[in-house]
Amino acid sequence: MPPMPTYQRPRGTRDLLPDEAAAMDALQAVVQARALRYGYPRISTPIIENREVFVKGVGEGSDIVGYEMYEVGQRGEGGLTLRPEGTAAVVRALLENGLHKSPQPIRFFYWEPMFRGQRPQLMRFRQFWQWGLECFGAPEAAADVEIIDFANGLFAEVGFTAFELEINTIGDEPCQAKLKTALGEYFAKHRDALSAQSQRRVDTNALRVLDSKEPQDREIIAGAPKLTDVLCDEDKKHFAEVQDGLTRLGIAYKVVDTLVRGLDYYTRTVSEFVLTDPEYRKGGDIAVAAGGRYDGLVRRMGGPDLTGTGIAGGVDVLYYALKQQGVTVAREPRADVYVVSGQPDDFADRTQIANPLREAGFTVAIDYSARPLERQLESAIKHGARIAVIRGTAEAAGGNVIVRDLGKKEQRVTRLAAVVTEVGRHVPKRPRPTLLKPPTNPDDHEPGAAGEAPFLTDPRD
RNA sequence: GCGGCUAUGGUGUAAUGGCAGCACUGAUGGUUGUGGACCAUCCAGUAGCAGUUCGAAACUGCUUAGCCGCCCCA
């Protein structure tokens, strides 16, 4: 007989085992609840899209579209691709569903897996998750400030501190065109001294040359036309407003005038939250969130002239960075209570003990076996249970069970009807999700009871 | 996508080209029983495919995957 084949997960993908899956769920709950508090409802788009969505949206010359997209085919039909980023997909959904005609600004939150065919490395995978915010129809700098404030507040909420905020402006579309021309002319003059990669970019997107880390390029870049040289007054004013907003909110930032994003659709504000832990800086900057404004994108994708600004964060990056900082992301997903029995073949009875506890909100697992009680208790402990509910022994007869605290090694014989109360003395109930809102009592609303607004400094005072 | 390093039970590790061993974990049992200990027994491995060799976990090639660097990015 030939050996069984062994299977491996595809390169750059991961299995989220229960501990990690629980941590991801907890992280999602935190981010999503915050997004809702900011007024960004969740949108969920397909994992597959037509290739053109990203070619048009992200840009033909970008690395993502150039060589990182997964092609999806069925029966020889091609043209589909695994979603490599969120914004273009959200714009497609916005236009296809006519949401661009809804009251503006139009806001969305997403939390979705993304796929890029890149070499896996530290905190970099081929399937990874991103959370993101998109805000359409708000040309004001306030919208740019808000999404940065969101990320900043999120990181504060989860206790993540090892980051630095970098921002820049890359001008509106006309200015960007001017800058690209100026840079193109400048770099063309120094073409021979540039690295091979940069030489290619001179023609495809001269802006990206600024991003090069090659020492030979850095020298030339130092003498290149500055973004600020060609920025129009509106761009300068917009960027000043962004900086002013951040300052007044007490958000620390650094203007990095060479900061350029890898996606072609950005205009004006761009931002990156970069990890500062030296452990993660060995291979250059790793961004835990990054975003910017994309005022021309909706129009380019066939919609009206609708402005947009957004931010996306790497869930995996945040997760590992939090772990690096020693933050516990979620409790262990184990059952608190174990139902064991001294009688064989009484699964229904064990279940009838477990179910009322489950309905009451406790996490309860059942030992199915007819093993000696000793083994069942040992097993309960190894499964992480804190309480054992024992039935089928001499003490626990006639409608009684034993509730035993496995940590304290104390137990009490309890009427069946009182098990829920007795268990509740030892372990907490877990929150139960509900489908419907609980009825609200209008009398509960107490305007102004939440305290005073935070004190903000205003330089105009 | 390119380059370097790596791959031994579920986990962590040993074996100079010559019997794949140890520890943890897991399972079963230690007289119808109250537990993590202890004792006994058991399950389980050289990533995959070829090659060199009397003989390969070890040497060679290819494949797959991981880590690191490049590229790029969340």
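Chain letters run A, B, ... following the sequence lines, proteins first and then strands; every chain starts at 1.
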Practice task
Could you check whether the rings of F150(A) and Y38(A) sit parallel, tilted or perpendicular, using 30° and 60° as the cut-offs?
Solution key: perpendicular
Exercise for the section: Indicate, yes or no, whether a donor-acceptor pair under 3.5 Å links the base of G30(B) to the side chain of R375(A). Expected result: yes
Exercise for the section: Please state the P separation for the pair U64(B) and G48(B) - nearest whole angstrom. Expected result: 15 Å
Exercise for the section: From the options C70(B), C73(B), U34(B), select the nucleotide whose nearest atom is closest to the side chain of Q121(A). Expected result: C70(B)
Problem - Proximity to the side chain of R11(A) - top-ranked nucleotide from U34(B), G30(B), G66(B) - result: G66(B)
Handout entry: Proximal nucleotide (of A65(B), C72(B), G35(B)) relative to the R124(A) side chain
Key = C72(B)
Practice task
May I ask you to say what G86(A) touches in the nucleic acid, namely base, sugar-phosphate or nothing, with a heavy-atom cut-off under 4.0 Å?
Solution key: nothing
Practice task
Could you please name the option among A74(B), U64(B), U34(B) that lies closest to any side-chain atom of Q130(A)?
Solution key: A74(B)
Practice task
State whether E134(A) and R107(A) are salt-bridged, where the test is any N-O pair (Lys NZ or Arg NE/NH1/NH2 against Asp/Glu carboxylate O) under 4.0 Å.
Solution key: no
Fill in the blank from the handout: Quick note, K382(A) side chain, CB onward, closest among G30(B), A74(B), A27(B) is A27(B)
Exercise for the section: Would you indicate what R116(A) reaches in the nucleic acid, counting non-hydrogen atoms under 4.0 angstrom: base, sugar-phosphate, or nothing? Expected result: base
Problem - Pair E157(A) + R37(A), salt bridge at N-O below 4.0 Å - result: yes
Practice task
Determine the Euclidean distance between corresponding C1' atoms of U13(B) and G9(B); express it in Å to zero decimal places.
Solution key: 12 Å
Problem - Basic-acidic side-chain contact under 4.0 Å: E410(A), R404(A) - result: no
Exercise for the section: Give a yes/no answer on whether the side chain of K409(A) brings an N or O atom under 4.0 Å of OP1 or OP2 in U34(B). Expected result: no
Practice task
Quick one: label M114(A) by what it contacts on the DNA or RNA (base, sugar-phosphate, nothing), any heavy atom closer than 4.0 Å.
Solution key: nothing
Problem - Residue matched to A50(B) through Watson-Crick or wobble contacts both under 3.5 angstrom - result: U60(B)
Completion exercise
With the side chain defined as heavy atoms from C-beta on, L373(A) is closest, among G26(B), U34(B), C72(B), to U34(B)
Practice task
Please work out if Q376(A) contacts a base, only the sugar-phosphate, or nothing of the nucleic acid, heavy-atom cut-off 4.0 Å.
Solution key: nothing
Problem - Interatomic distance, H383(A) NE2 vs G36(B) P [rounded to whole Å] - result: 16 Å
Handout entry: Which nucleotide in G35(B), C73(B), G69(B) has an atom nearest any side-chain atom of R119(A)
Key = G69(B)
Fill in the blank from the handout: Picking from C67(B), C72(B), U64(B), the nucleotide nearest the side-chain atoms of E68(A) would be C72(B)
Handout entry: Test item: T269(A) side-chain N/O and G292(A) main-chain N/O as donor-acceptor pair under 3.5 Å
Key = no
Practice task
Identify which nucleotide among U28(B), A65(B), U34(B) has an atom closest to any side-chain atom of R404(A), counting heavy atoms from C-beta outward.
Solution key: U34(B)
Handout entry: Aromatic ring pairing F155(A)/F160(A), orientation class (parallel under 30°, perpendicular over 60°, tilted between)
Key = perpendicular
Practice task
Can you tell me the distance, in whole Å, between the CZ atom of R371(A) and the C1' atom of U32(B)?
Solution key: 16 Å
Handout entry: Base of U34(B) paired with side chain of Q411(A) (donor-acceptor, under 3.5 Å)
Key = yes
